[in-house]
**Q** 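The structure that follows is given in the form of structure tokens.
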2 protein chains.
Amino acid sequence: MAAEPEPRPLDFLSFVDHAISHTAGALPQADLDAMRLVLTLHRVTNALVYDLESSVHRPRGLSWPGFRVLFVLWHAGPAEAKRVAELSGMSRAAVSALVNTLERDGLVSRRQADHDRRAVRLSLTPAGNDAIIGTFEAHNRREQAWAGTLTDDERGRLVELLEKLMEGADLVAAKRRV
Amino acid sequence: MAAEPEPRPLDFLSFVDHAISHTAGALPQADLDAMRLVLTLHRVTNALVYDLESSVHRPRGLSWPGFRVLFVLWHAGPAEAKRVAELSGMSRAAVSALVNTLERDGLVSRRQADHDRRAVRLSLTPAGNDAIIGTFEAHNRREQAWAGTLTDDERGRLVELLEKLMEGADLVAAKRRV
DNA sequence: GCCGAATAATAAAACCTTTGATTAAATCTG
DNA sequence: CAGATTTAATCAAAGGTTTTATTATTCGGC
């Protein structure tokens, strides 16, 4: 049980440490390093996405998921919904729902695919193209501000470690979206 | 414009590289290292959270956000809604809505705070306590599988780099939830 | 060529999140 | 101490996600 009396009020910064030491007392068999890694990774990504979405995307009338779809269509060119889902890491149902909004806003257009009448071909409208380019420029400046707190070398090592973690996902047979 | 013809079908793994080289052609002034860092960070975290939620939390009747609230209450003890929001990194409105579900499911209870009649004190019910402990054990085993693809040293360095990135958020005046 | 199985997209229901009111209680200020 | 301001929580509207079920097509084996 090990109820820890907090000597000083816990804040967001110290909560990870607190949670880990509390867990050490309550569940001695827990893997604390793994716990710290996942907590920290989630916390950083969360803060980063919130900052980007609220300072870059929403002021321009886009959501973060909407930005991701435009981003994929910008780089991959016109593509089927299924492919956009794969490349963006969203489910097909999520893409379908999201494209309703993007189509209504005139940023993306739907068209029946030529070779398969079940499939839908998505493409950027001219307005969508302008939107993604303008938004990406602001997005990238913000990314630069975040990334700039690390040295070149640190950025490179961080990316390498993250890629290794991502490759490990296959080894542990992580569940992925259908 | 630099329309890149794809020599072979793009997949999720190669999309980051493709997006970066396409951006290099389309927007020469872009910071590609920052772009790669953010794309990779988001991609890994997304995959990790999806795997944890779909393999650990949903089968036990919890959502990922629900798990986070129980996790905070488990470690911090009974606390006001405002505090749970701060410690979990959610907005107060999100906590309020989420607790409706958790309360309905009998995992969390609401009570008016003693010192301030505006405030609500949240605490785990006995069922909530059982739920968080059982779920956390499975959650931690899954974390261990993911983290296990890195060496001890790599895990340590990854956490350090993530913490440095998180500290940088203050320097760049990142927006945070109210 | 035809019929059962697989596949693409969408719909439906349940949940969660965000921003911007609204309500009620506490606190500050003159 | 009264009035204005701030603060805690919740509500409301709009959007996004998930899983499961449906519909329309295409594919595969005989």
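Naming: A, B, ... by sequence-line order, numbering from 1 per chain.
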**Q** Which residue lies toward the 5' end of DNA chain C, A:Ser54 or B:Asp105, if each is placed at its nearest nucleotide?
**A**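 Result of the comparison: B:Asp105.
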**Q** Starting at CZ of B:Arg60 and ending at P of D:dT18, how long is that distance when rounded to a whole Å?
**A**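 One finds 20 Å between P of D:dT18 and CZ of B:Arg60, rounded.
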**Q** Rounding to 10°, can you tell me the angle the first-five-pair axis of the helix from C:dG1-D:dC30 to C:dG30-D:dC1 makes with its last-five-pair axis?
**A**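 Answer rounded to 10°: the end axes differ by 30°.
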**Q** Pick one: which of B:Val49, B:Thr45, B:Leu48 meets side-chain contact (heavy atoms from CB on, under 4.5 Å) with A:Val38?
**A**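 The passing option is B:Leu48.
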**Q** Can you check side chain to side chain contact (heavy atoms under 4.5 Å, CB included) on A:His139 and A:Arg60, steps first, answer last?
**A** CA-CA 11 Å; A:His139 173 97; A:Arg60 288 170 176 76; over 6 Å; no
**Q** What heavy-atom pair brings A:Leu150 and B:Leu161 nearest, and what distance separates the two atoms?
**A**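 Minimum heavy-atom separation between A:Leu150 and B:Leu161: CD2-O, 4.2 Å.
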**Q** Relative to the 5' end of DNA chain D, which residue comes earlier, A:Ala97 or B:Ala119, by the nucleotide with the nearest heavy atom?
**A**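 This one resolves to B:Ala119.
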**Q** Is any NZ, NE, NH1 or NH2 atom of the basic residue among B:Arg141 and B:Glu137 found under 4.0 Å from an Asp or Glu carboxylate oxygen of the other?
**A**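 Not counted as a salt bridge, because no side-chain N and carboxylate O are separated by less than 4.0 Å.
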**Q** B:Arg111 CZ to D:dA9 P: how many Å, rounded?
**A**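 Atom-to-atom, B:Arg111 to D:dA9, this comes out as 14 Å.
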**Q** Chain B on DNA chain C: first and last contacting nucleotide, 5' to 3', under 4.0 Å to a heavy atom?
**A**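 Nucleotide range with atoms under 4.0 Å of chain B: C:dC15 to C:dA26.
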**Q** Using heavy atoms to find the nearest nucleotide of DNA chain C for A:Val120 and B:Gly89 separately, return the residue whose nucleotide is more 5′.
**A**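 By nearest-heavy-atom nucleotide position, the 5'-most residue is A:Val120.
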**Q** With side chain to side chain contact (heavy atoms under 4.5 Å, CB included) as the test, would you mind laying out the steps for A:Glu160 and B:Thr40 before giving the verdict?
**A** CA-CA 9 Å; A:Glu160 276 171 25; B:Thr40 308; over 6 Å; no
**Q** Could you tell me whether the phosphate oxygens of D:dT26, OP1 or OP2, come under 4.0 Å of any side-chain nitrogen or oxygen in A:Arg117?
**A**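 Looking at the OP1 and OP2 atoms of D:dT26, one of them is under 4.0 Å from a side-chain N or O of A:Arg117.
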**Q** Assess whether a salt bridge exists between A:Asp152 and A:Arg155, defined as any Lys/Arg side-chain N lying under 4.0 Å from an Asp/Glu carboxylate O.
**A**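 A:Arg155 and A:Asp152: salt-bridged.
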**Q** Mapping A:Asp116 and A:Ser91 to their closest nucleotides on DNA chain D, which lands nearer the 5' end?
**A**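 Nearest nucleotide further toward 5': that of A:Ser91.
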**Q** In whole angstrom, give the distance that lies between atom CG of A:Leu62 and atom P of D:dG16.
**A**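 After rounding, the gap between these two atoms is 10 Å.
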**Q** Would you please classify the geometry between the B:Phe71 ring and the B:Phe136 ring as parallel, tilted or perpendicular, with 30° and 60° separating the classes?
**A**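 Tilted: the ring planes of B:Phe136 and B:Phe71 meet at 30° to 60°.
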**Q** Mind calculating the distance between CG (B:Asn100) and P (D:dT10) to the nearest angstrom?
**A**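 Going from CG in B:Asn100 over to P in D:dT10 covers 7 Å.
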**Q** For B:Trp64 and D:dG16, what is the distance between atoms CH2 and C1' respectively, to the nearest whole Å?
**A**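 The answer, rounded to whole Å, is 18 Å.
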**Q** Working to the nearest 0.5 angstrom, can you tell me the gap between A:Thr135 OG1 and A:Leu62 CG?
**A**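 Taking OG1 in A:Thr135 and CG in A:Leu62, the distance rounds to 5.0 Å.
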**Q** If you round to the nearest 0.5 Å, how far is CG of A:Leu122 from CZ of A:Arg110?
**A**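 Here the rounded value is 7.0 Å.
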**Q** Expressed as a whole number of angstroms, how long is the span from B:Arg118:CZ to D:dT5:C1'?
**A**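 My rounded result for the distance is 12 Å.
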**Q** Indicate, with a heavy-atom threshold strictly under 4.0 Å, whether A:Arg104 touches base, sugar-phosphate, or nothing.
**A**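 Here A:Arg104 touches the backbone only, sparing every base.
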**Q** Hey, does A:Arg110 reach any base, or is it just sugar-phosphate, or nothing, if we go heavy atoms under 4.0 Å?
**A**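 Result for A:Arg110 = sugar-phosphate.
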**Q** If I take atom NZ in residue A:Lys175 and atom C1' in nucleotide D:dT18, what distance separates them, rounded to the nearest angstrom?
**A**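 From A:Lys175 NZ to D:dT18 C1': 12 Å.
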**Q** Base, sugar-phosphate, or nothing: which does B:Ala93 touch, judged by heavy atoms less than 4.0 Å apart?
**A**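 Here B:Ala93 touches the bases of the nucleic acid.
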**Q** Without decimals, in angstroms, what is the distance between A:His57 NE2 and D:dA14 P?
**A**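 Taking NE2 of A:His57 and P of D:dA14, I get 23 Å after rounding.
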**Q** What distance separates A:Leu37 CG from A:Leu165 CG, expressed to the nearest 0.5 Å?
**A**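 The CG atom of A:Leu165 is 6.0 Å from CG of A:Leu37, to the nearest 0.5 Å.
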